[in-house]
2 protein chains.
Amino acid sequence: MPAESERTEMLDSETKAVETPEDHADELRLWLRLLTCTTLIEGEVRGRLRQRFDVTLPRFDLMAQLDKAPDGMTLSDVSKRMMVSNGNVTGLVERLVESGHLDRRTSETDRRVQVIRLTKLGRAEFRKMAAEHEIWIADLFADLSPKDVRELMRLLAKTKASAQKSAARRRP
Amino acid sequence: MPAESERTEMLDSETKAVETPEDHADELRLWLRLLTCTTLIEGEVRGRLRQRFDVTLPRFDLMAQLDKAPDGMTLSDVSKRMMVSNGNVTGLVERLVESGHLDRRTSETDRRVQVIRLTKLGRAEFRKMAAEHEIWIADLFADLSPKDVRELMRLLAKTKASAQKSAARRRP
DNA sequence: CCAAATTGTTTTAAGCCTAAAATGTTTCCC
DNA sequence: GGGAAACATTTTAGGCTTAAAACAATTTGG
């Protein structure tokens, strides 16, 4: 009679005080695997963007956000969407304005706010890159069946929700 | 009669020249979700490490590698395991030697090679951090059932293999 | 109205990270 | 043995990233 109890209350007597350190090895392994996958794919995409278009991944990501927002976005919005710090966006935008890919203007109605959008050049270049990028991604995931993809989507949605909940517990 | 053909050869006549751009939106969404999960969890872990132990995530990761190798590792080994550039490891190690967490020596048998290992201090501090870290991870994944965890492990293994294959196709 | 709180952005200081070139060492193989 | 190739690491130059502090503008509540 094995005493296996996965993720349930402990059943032995005097249970409250026992404080058995639970086994979290599986979750740890899962996290490392998740990280490996992301690092692997991200590195591959980074390299291809550099070789093929001489552009960095963060610049591409920022342009991708703006491509979805024809009327532009504020720096804060971009920062939240990209999940990076405000200061990070400031520098990134500076360089992309410099290179002629972005247009930046102060909001008429709130002078704190900077609104940025893709220039014509920026949009054209992004579209070209995005078309190839999509193919790279498809190739990187090529061995997953449509069912695998659906299932992964579902489980990652659950993962995201779980992590957000955990983060919120700490930072209410 | 829907013309849906998921991930199969195209069946229309004159097929070779047609070059229909396939739809890769699902894979793209999957990649973005994967990236979101990783960024979310990584950011959370980074913040907790900083607040709780005043240590950076890369330092923690490097120590984690060394903790598994009591006899030490070469810089190349570390670099491969962590999937970061060589130069990156050089700097990271410099700072950790400086702070007394790492010991570095030139190999007796091959003077090109630097072997690094945790010092007593480094190991002790790492163990303390790792214990809490494991709990954080478990909490971040807390809403996944054991079955979810197994299933995610399986699908991510498949993903990793697929991505590696794709990367190898490009860089033979 | 106006001080305090909030919000949006930039600045700062430090560290992380990469790709590519440079340096030093060993191995290969003729 | 000796030159070429391979290997391990460091250096370089530039960019990315963060947390925290500083600054600026707006909103809020007495």
Side-chain angles (χ1 to χ4, degrees), chain A residues 35 38-40 42-63 72-99 101-102 104-116 171, chain B residues 35 38-40 42-63 72-99 101-102 104-116 171:
Chain A
L35 188 53
T38 300
T39 306
L40 190 59
E42 198 173 69
E44 199 59 26
V45 170
R46 182 196 313 285
R48 297 191 197 202
L49 281 174
R50 190 183 43 70
Q51 284 205 350
R52 188 80 183 75
F53 299 110
D54 192 33
V55 76
T56 66
L57 184 51
R59 277 156 147 105
F60 177 82
D61 286 344
L62 176 37
M63 287 194 270
M73 298 174 77
T74 69
L75 295 198
S76 292
D77 285 348
V78 172
S79 160
K80 282 190 202 86
R81 290 284 196 138
M82 294 181 72
M83 302 198 281
V84 300
S85 67
N86 286 340
N88 190 354
V89 173
T90 296
L92 222 34
V93 166
E94 237 161 44
R95 289 184 286 272
L96 279 166
V97 168
E98 172 66 25
S99 64
H101 293 84
L102 258 55
R104 156 210 251 156
R105 62 186 55 178
T106 302
S107 161
E108 298 289 338
T109 58
D110 185 339
R111 280 180 310 177
R112 288 171 303 183
V113 175
Q114 302 287 313
V115 178
I116 55 175
R171 250 184 302 90
Chain B
L35 188 55
T38 301
T39 305
L40 190 59
E42 199 173 69
E44 199 58 26
V45 171
R46 181 197 313 283
R48 296 191 199 201
L49 281 174
R50 188 183 44 70
Q51 283 205 350
R52 189 78 183 74
F53 299 111
D54 192 32
V55 75
T56 66
L57 183 52
R59 276 157 147 104
F60 177 81
D61 286 344
L62 176 36
M63 288 195 268
M73 300 174 77
T74 68
L75 295 198
S76 293
D77 286 348
V78 172
S79 158
K80 280 189 203 87
R81 290 285 196 135
M82 293 181 73
M83 303 198 280
V84 300
S85 67
N86 287 338
N88 189 355
V89 174
T90 296
L92 222 35
V93 166
E94 237 162 45
R95 289 183 286 271
L96 279 167
V97 168
E98 171 66 25
S99 64
H101 293 85
L102 259 56
R104 155 211 251 155
R105 61 186 54 176
T106 302
S107 161
E108 299 286 340
T109 59
D110 185 340
R111 279 181 309 176
R112 287 172 303 183
V113 174
Q114 302 285 315
V115 177
I116 55 176
R171 253 184 299 91

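Just so we're on the same page: letters track the sequence lines, and every chain starts at 1. All figures in this text were calculated on a predicted structure; none of them were measured in a lab.
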[N] [atom2] sits how many Å from [X] [atom1], rounded?
X        : N      : atom1 : atom2 : answer
A/Arg104 : C/dT9  : CZ    : C1'   : 9 Å
A/Arg46  : C/dC16 : CZ    : P     : 16 Å
B/Phe60  : C/dC16 : CZ    : P     : 15 Å
A/Asp110 : C/dT9  : CG    : C1'   : 11 Å

Contact class for [X] (heavy atom, under 4.0 Å): base, sugar-phosphate, or nothing?
X       : answer
B/Thr56 : sugar-phosphate
B/Ser76 : sugar-phosphate
A/Ser79 : nothing

- Please list all pairs passing the salt bridge (charged side-chain N to carboxylate O under 4.0 Å, His left out) test where one or both residues lie in residues 45-55 of chain B, with sequence neighbours left out.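 Only B/Glu42-B/Arg46, B/Glu44-B/Arg48, B/Arg52-B/Glu132 qualify under salt bridge (charged side-chain N to carboxylate O under 4.0 Å, His left out).
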
Flag side-chain contact, heavy atom, 4.5 Å: [X] against [Y]:
X       : Y        : value
B/Arg59 : B/His101 : no
A/Met63 : A/Val55  : yes
B/Asn86 : B/Leu75  : no

Could you write out each protein N or O paired with an N or O of nucleotides 2-7 of chain C at a distance under 3.5 Å?
residue : atom : partner  : partner atom : Å
C/dT7   : O2   : A/Arg112 : NH1          : 2.7

- Give me the residues of residues 86-98 of chain A where at least one heavy atom lies under 4.0 Å from an atom of DNA chain D, by number, or none.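 Heavy-atom cutoff 4.0 Å gives A/Gly87, A/Asn88, A/Leu92, A/Arg95.
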
- Item | Under the side-chain hydrogen bond (donor to acceptor under 3.5 Å, both in side chains) test, residues paired with A/Thr90 that sit two or more places apart |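 Once residues adjacent in sequence are excluded, A/Thr90 has no partner under the side-chain hydrogen bond (donor to acceptor under 3.5 Å, both in side chains) criterion.
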
- Message: Can you tell me if B/Arg111 touches the phosphate of C/dT26, counting only side-chain N or O atoms and a distance under 4.0 Å to OP1 or OP2?
- Response: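 Looking at the OP1 and OP2 atoms of C/dT26, one of them is under 4.0 Å from a side-chain N or O of B/Arg111.
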
- Query: Minimum heavy-atom separation for A/Leu62 to A/Ile116, with atom names?
  - Reply: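 Nearest heavy atoms, A/Leu62 then A/Ile116: CD1-CD1, 4.4 Å.
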
- Message: What is the first contacted nucleotide of DNA chain D and what is the last, in 5' to 3' order, if contact means an atom lying under 4.0 angstrom from a heavy atom of chain B?
- Response: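 So the outermost contacting nucleotides come out as D/dC7 to D/dA20.
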
- Query: Does a side chain donor of either A/Gln114 or A/Thr106 reach within less than 3.5 Å of an acceptor in the other side chain?
  - Reply: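 Checked: A/Gln114/A/Thr106 side chains pair up, N/O donor to acceptor below 3.5 Å.
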
- Who are the salt bridge (Lys or Arg N to Asp or Glu O under 4.0 Å) partners of B/Arg105, not counting sequence neighbours?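 Here the qualifying residues are B/Asp103.
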
